[in-house]
Amino acid sequence: MGFIVAIDGPAGSGKGTVTSIIAKKMKLNSIDTGAMYRCVALACLRNNVDINDTEKVKEVLETVNIELLKEKDNLIVKLNGEDVSKEIRDNPVNKIVSQVSAIREVREKLVELQRKMAETQDIIMEGRDITTVVFPNADVKIYLDADVEERAKRRFAQNQSKNIECNFEEVLEEMKKRDENDMNKPFGALKKADDAILVDSTHLTQKQTIKEIEKIIKRAQKVKKLEPEIYRERPETKWKIFVRTITKGFLRTLYRIAFRMRISGEENKTKAAENGGYIICANHVNFLDAVAVVVFSKEKIRFIGKYDLARVGIIRWLEHLFDVIPIKRNTQDLEAMKRCLKALKNKEILGIFPEGTRRGMEKNQKVKNGAAFMAIRSGVPVVPVGISGTFKPFSKFYITYGEPIDLSKYKVKGQEKEGQEQATKEIMDNIIMLTNKNK
Ligand code: DC
């Protein structure tokens with residue numbers, strides 16, 4: 001799989017133009033998925049198929065062969081060998097394409113084709129469900145948006161420049177209807193993926209929009225290049241242990257100068273270690289908390305850290321030193337999961353913030369079930385930790401360890417999800433109780 005840039009957004013947001021300009025500038029292969037749905041719509045028109053007759057549409061679908069070719073920087077769209085680049089943009093296709101694209105079988109066939117196209121090349125792909133369905137793990141995920149009035153204005157100006165007769169009100173109405181259809185289809189509906197970066201082009205010129213997206217892509221390319229380095233696991237040599245011990249001591253001194261450290265309940269870690277590894281679950285207030293838990297523990301604790309943080313050299317060095325496990329957020333990061341389970345099997349200690357992000361509970365973010373899942377699966381206890389303080393210089397900084405929690409009672413066959421939810425709640429209740437102790 002190459003480097004994948006996925007862009008979604010409503011009709012008229014400019015994703016088509018922006019994508020093709022960026023593709024040229026950054027040497028990515030652009031794939032216009034809308035053109036593919038347009039080909040199927042055109043095939044239905046040519047075969048006089050009523051698009052409400054799904055069975056007939058499916059028959060047409062079997063006969064459709066779509067090719068997207070590049071000729072002198074222009075996209076040539078071929079339907080069964082015939083160049084239909086112009087015809088697919090005409091009004092009859094415009095009118096039915098959204099409905100055609102809502103048919104499940106049509107989507108399944110085209111999504112499969114789109115994924116195939118990305119197997120061997122670096123691509124930039126735009127559409128409606130690229131960030132959510134086609135490539136939920138794309139290297140870059142962008143949602144390009146603009147107010148519907150602004151998008152209608154752009155489409156109207158485009159039509160006028162091509163001498164296509166229309167009036168603004170009609171274009172606006174059509175645009176609203178397309179939005180409604182695109183956002184409410186049962187399959188592949190247009191929506192912003194949680195981790196997609198929103199680029200609102202309402203008040204941006206095309207040049208500004210391109211610059212902004214280019215910046216996002218360049219940053220991701222840099223991270224992608226670092227990937228092997230980020231994932232490299234450094235062996236536990238004597239030298240590494242020595243440097244880690246010195247670094248811990250140095251950081252402990254800094255903390256003691258900056259704060260009045262109040263650490264209690266450490267015997268709970270010893271209790272939890274009786275049968276092997278365990279998971280430390282803390283509330284996440286500040287970047288200082290993970291470091292504090294690690295450097296003030298005599299045990300080696302391996303925290304799970306946001307993958308993106310490791311793109312900064314010094315952080316990456318520290319993460320390697322402390323064997324932090326990088327995790328890509330908002331995706332099913334199987335690599336991170338594998339590393340965590342392996343560590344627990346090796347009787348190591350993991351550190352996880354179930355809130356997922358700093359002050360997640362205050363921000364009303366859903367608490368993550370990952371820690372509960374791993375504890376139940378590996379049969380290890382969880383040690384809850386309450387972190388509190390103002391984090392102002394010379395103030396008290398509390399780290400309070402609670403009694404280990406045995407989560408084996410939540411291991412019920414067929415009710416795994418419910419079990420994890422309940423276990424997560426028990427962990428969080430304990431963390432909150434420990435945090436409140438020092439208020
Ligand atoms: O981007 P466009 O206007 O050429 O798209 C044509 C239609 O296809 C539009 O109504 C939305 C639909 N489409 C889709 O459902 N999924 C995609 N990935 C791309 C387009």
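All ligand and atom numbering here is 1-based and tracks the order in the structure.
Here D83 pairs with I76, S85 under the side-chain contact (heavy atoms from CB on, under 4.5 Å) rule; sequence neighbours left out.
By the criterion of a heavy-atom distance under 4.0 Å, neither the backbone nor the side chain of V134 is placed next to ligand 1. Both the backbone and the side chain of S98 come within 4.0 Å of ligand 1, counting heavy atoms alone. Residue M36 does not touch ligand 1, judged by heavy-atom distances below 4.0 Å.
Protein heavy atom in closest approach to atom 7 (C) of ligand 1: V97 CG2, 3.6 Å. In terms of protein heavy-atom proximity, atom 3 (O) of ligand 1 is closest to R178 NH2, 2.7 Å. Nearest non-hydrogen protein atom to atom 5 (O) of ligand 1 is G34 CA, 3.6 Å. Distance from atom 8 (O) of ligand 1 to its nearest protein heavy atom, with residue and atom name: Y37 CB, 3.7 Å. Summary of contacts: the protein heavy atom closest to atom 15 (O) of ligand 1 is K185 NZ, 2.7 Å. Looking from atom 17 (C) of ligand 1 to the surrounding protein, the closest heavy atom is R128 N, 3.3 Å. Of the protein's non-hydrogen atoms, the one nearest atom 16 (N) of ligand 1 is R107 NH2, 3.0 Å.
Checked against the 6.0 Å centroid criterion, the rings of F397 and F391 qualify as a close aromatic pair.
Under a 4.0 Å criterion applied to the non-hydrogen atoms of S101, ligand 1 contributes the atoms 12 (C), 15 (O). With ligand atoms numbered from 1 in the order given, ligand 1 contributes 18 (N) to contacts under 4.0 Å with heavy atoms of I130.
Under a cut-off of 6.0 angstrom, the local environment of NZ in K177 is sparse, with at most 12 non-hydrogen atoms contributed by other residues, nucleotides or ligands. The number of heavy atoms from other shown groups lying within 6.0 Å of NZ (K366) is above 12.
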Return a table of donor-acceptor pairs under 3.5 angstrom between the side chains of residues 369-384 and protein atoms on other chains or two or more places apart.
from: N369; atom 1: OD1; to: T424; atom 2: OG1; distance (Å): 2.8
from: N369; atom 1: ND2; to: E421; atom 2: OE2; distance (Å): 3.3
from: S378; atom 1: OG; to: M374; atom 2: O; distance (Å): 2.9

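Considering backbone and side-chain N/O atoms, T33 comes within less than 3.5 Å of an N/O atom of ligand 1. In terms of N/O distances under 3.5 Å, ligand 1 is approached by R38. Polar contact check, E126 against ligand 1: no nitrogen or oxygen pair lies under 3.5 Å apart.
A salt bridge links K300 to D323: one of the charged nitrogens lies within less than 4.0 Å of a carboxylate oxygen. Note on R244 versus E236: salt bridge recorded, some NZ/NE/NH1/NH2 to OD/OE distance being below 4.0 Å. Salt-bridge check for K192 with D145: failed, with every basic side-chain N at 4.0 Å or more from each acidic carboxylate O.
The side-chain tip of K141 does not point at the ring of F135 from less than 6.0 angstrom away and within 45° of straight on.
Just one of Q422, E426, Q420 meets the side chain to side chain donor-acceptor pair (under 3.5 Å) condition when paired with Y410; it is E426.
Residue Q114 places every heavy atom at 4.0 Å or more from ligand 1.
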